[in-house]
> 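Here it is, the structure in full.
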Amino acid sequence: MTQRNVRTDCIHLDGYKPCPPHKRSGVVCDYCAEYRPSHFRILILKVGAAGEVIRNTPILHRLRALYPGAEIIWMTDYPDFIPRSLVQKVLKYDWKNALLVQEQEYDLLLSLDKDTQVCAVANRVRAAVKKGFLLDPLGKIVPADDDARRKWLTGIFDDLMKENTRHYVEETFEICGWEWAGERYILENVPRVPLSFPRTEGRPLIGLNTGAGSIWPTRIWPEDSWRDLAAALQTRGYDVLLLGGPDEHEKNLRLARESGARYEGLKNFLEFSGLVGCCDLVVTAVTMALHIAIALERRIVLLNNIFNASEFYLYGLGSIVQPELDCLACYKRAFDGGCPVEDCMELISVADVAAAVETNLSAQEPVSSP
């Protein structure tokens, strides 16, 4: 057999099968113009949730500026939302890949999930520098250094969380040891999703994202309010598209029947992103649709109650509507006897949301019809 030099430090090689440059042209290592040594390796552990993954993508701008030739690897539950133009390897978060990253060496680890299992993986990763969150010997999540301490403290003390005036992207940059400089979300490969109904030129399409996930049911606006909003917006001359996932499917079918709003059915993550991209404005609670809308620069009306509104930076794309209560930012997963009202989301009126839609639409021309 012909002896051959193999450049095992090249990011294109996995040691199992032919690398892409060799497969395309038959070139070998000694003469390959695409040889790219992995001289600086970065591992990002940001597993979930989907919206959280999207709103961590701004750090890629800074990583590429600071380490232009670096190999970036990201492990996540949501690989569809990772920008492949900036990240060389995307690993699905599972036990196999958790073992894989522990058998490699990295120059920088960004452990951005406050999750015990993810932090356990971060502990065992061999990295020259570790930023973010780790696990202590008692199994408690702790900051890797002082840059992550403020975010750690706001997570475990309600009073500090309520006092916080910095938004999430600023905090993420601080964890990494940087100052945020306006870096935006990145969302690539969003498909063009054809709608089943014709768009009228100049008639804005309003997306109503009617759910907010099962983890925080306290942030879900009542179904009757969504129905009345859909009807009110259509009366004012807007088209209305209902958005949601499996948890909202039956609800959206009902809302479509009762209000006349459009509903395109269940979609996968990227197709859902494409539907959001069809809208001129999206009304949503704090959930994945919010971050997709920010990434795609759609206008936004955000409904909030249990979170600190300072956490959300909308990049000038919209506004927040929330109840007028002193107990906002309670971070409760269930309303209890200590709440002044049974469900404070009911205090957000349809009239106020409809007015916010009109105000925010006046700030920008509608997107062109697909």
Side-chain angles (χ1 to χ4, degrees), residues 197 199-200 202-213 216-244 247-248 251-263 275-276 278-287 289-290 292-294 298-330 332 335 339-367:
F197 58 94
R199 293 284 305 276
T200 303
R203 185 178 173 95
L205 179 63
I206 312 302
L208 304 184
N209 188 62
T210 63
W216 301 92
T218 47
R219 61 186 171 176
I220 298 177
W221 208 31
E223 183 172 333
D224 288 351
S225 297
W226 285 115
R227 183 194 63 226
D228 294 346
L229 177 64
L233 292 175
Q234 290 174 96
T235 299
R236 298 185 188 202
Y238 304 126
D239 289 331
V240 175
L241 176 64
L242 300 169
L243 302 168
D247 292 344
E248 293 77 47
K251 174 167 64 174
N252 283 343
L253 288 173
R254 289 192 299 272
L255 289 170
R257 289 194 302 267
E258 296 170 4
S259 71
R262 303 286 187 164
Y263 178 51
L275 285 180
V276 172
C278 290
C279 299
D280 296 281
L281 181 145
V282 177
V283 181
T284 181
V286 179
T287 187
L290 165 66
I292 292 173
I294 293 173
R298 304 294 87 183
R299 305 298 298 177
I300 298 162
V301 172
L302 173 61
L303 310 183
N304 176 57
N305 62 334
I306 60 172
F307 300 124
N308 181 346
S310 296
E311 179 182 343
F312 307 106
Y313 185 70
L314 304 183
Y315 290 87
L317 295 169
S319 59
I320 298 174
V321 180
Q322 56 189 16
E324 294 185 5
L325 292 172
D326 294 333
C327 57
L328 297 184
C330 65
K332 289 184 177 180
F335 297 118
C339 295
V341 293
E342 185 175 340
D343 181 351
C344 61
M345 284 297 282
E346 295 180 351
L347 300 180
I348 298 177
S349 73
V350 170
D352 285 346
V353 177
V357 169
E358 292 198 321
T359 298
N360 282 288
L361 276 177
S362 66
Q364 179 174 297
E365 291 297 319
V367 296

> Side chain to side chain contact (heavy atoms under 4.5 Å, CB included) for Leu233 and Leu208? Distances and angles first, verdict last.
CA-CA 10 Å; Leu233 292 175; Leu208 304 184; 4.0 Å; yes
> Roughly how far apart are Glu258 CD and Leu253 CG, rounded to 0.5 Å?
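Those atoms lie 11.0 Å apart.
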> To the nearest 0.5 Å, what is the distance between CG on Leu290 and CG on Leu317?
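Separation between the atoms: 10.0 Å.
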> Looking at every heavy atom in both Val321 and Ala356, which two are closest together, and how far apart are they?
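Shortest heavy-atom contact: CG2-CB, 3.9 Å.
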> Taking the side chain as every heavy atom from C-beta outward, state whether Val350 and Trp221 have any atom pair closer than 4.5 Å.
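With C-beta onward as the side chain, the pair touches.
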> Would you compute the distance between atom CG of Leu303 and atom CD1 of Ile220 and round it to the nearest 0.5 angstrom?
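So the gap between those two atoms works out to 11.5 Å.
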> Any heavy-atom pair between the side chains of Arg236 and Ile206 that's under 4.5 Å?
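A side-chain contact is absent here, since even the closest heavy-atom pair is not under 4.5 Å.
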> How long is the straight-line distance from CG of Asp280 back to OH of Tyr238, given to the nearest 0.5 Å?
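Tyr238 OH to Asp280 CG: 10.0 Å, rounded to 0.5 Å.
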> Supply the atom-to-atom distance Asn304 CG to Ile348 CD1, rounded to the nearest 0.5 angstrom.
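It is 7.5 Å, given to the nearest 0.5 Å.
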> Specify the closest pair of heavy atoms between Ile300 and Leu281, including all atoms of both residues, with the distance to one decimal.
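What the structure gives for the nearest pair is N-CG, 4.1 Å.
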> Where the side chain of Arg298 meets the backbone of Cys279, is there a donor-acceptor pair that is under 3.5 Å apart?
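Yes, because the side chain of Arg298 sits within donor-acceptor range (under 3.5 Å) of the backbone of Cys279.
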> Taking the side chain as C-beta and beyond, is there a heavy-atom pair between Glu223 and Leu255 under 4.5 Å?
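Yes; the side chains approach each other to less than 4.5 Å.
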> Please find the pair of heavy atoms, one from Asn305 and one from Arg219, that lie closest to each other, and give the distance.
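Heavy atoms only, the tightest pair is OD1-CA, 3.6 Å.
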> If only side-chain N and O atoms count, and only distance matters, is there a donor-acceptor pair under 3.5 Å linking Thr200 with Asp239?
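Side chains of Asp239 and Thr200: no pair found under 3.5 Å.
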> With a 4.5 Å heavy-atom cut-off, do Ile320 and Leu314 have their side chains touching?
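SC-SC contact between Ile320 and Leu314 confirmed.
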> Grab the two heavy atoms, one from Gly202 and one from Pro204, that are nearest each other, plus how far apart they are.
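For Gly202 versus Pro204, the nearest heavy atoms are O-CD, 3.3 Å.
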> So, for Thr287 and Gly211, which heavy atoms are closest and what is the spacing to 0.1 Å?
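Closest approach of Thr287 to Gly211: CG2-O, 3.8 Å.
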> What pair of heavy atoms forms the shortest contact from Leu242 to Ala256, and how long is it?
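Heavy-atom minimum between the residues: CD1-N, 3.5 Å.
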> Does either side chain, that of Asn360 or that of Ser319, offer a donor lying less than 3.5 Å from an acceptor on the other one?
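Per modelled atom types, Asn360 and Ser319 side chains form a pair under 3.5 Å.
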> Does the pair Leu302 and Phe307 meet the rule for a side chain to side chain contact (heavy atoms under 4.5 Å, CB included), with working shown?
CA-CA 12 Å; Leu302 173 61; Phe307 300 124; over 6 Å; no
> To the nearest 0.5 Å, what is the distance between CG (Leu243) and OG1 (Thr210)?
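With rounding to 0.5 Å, CG (Leu243) is 8.0 Å from OG1 (Thr210).
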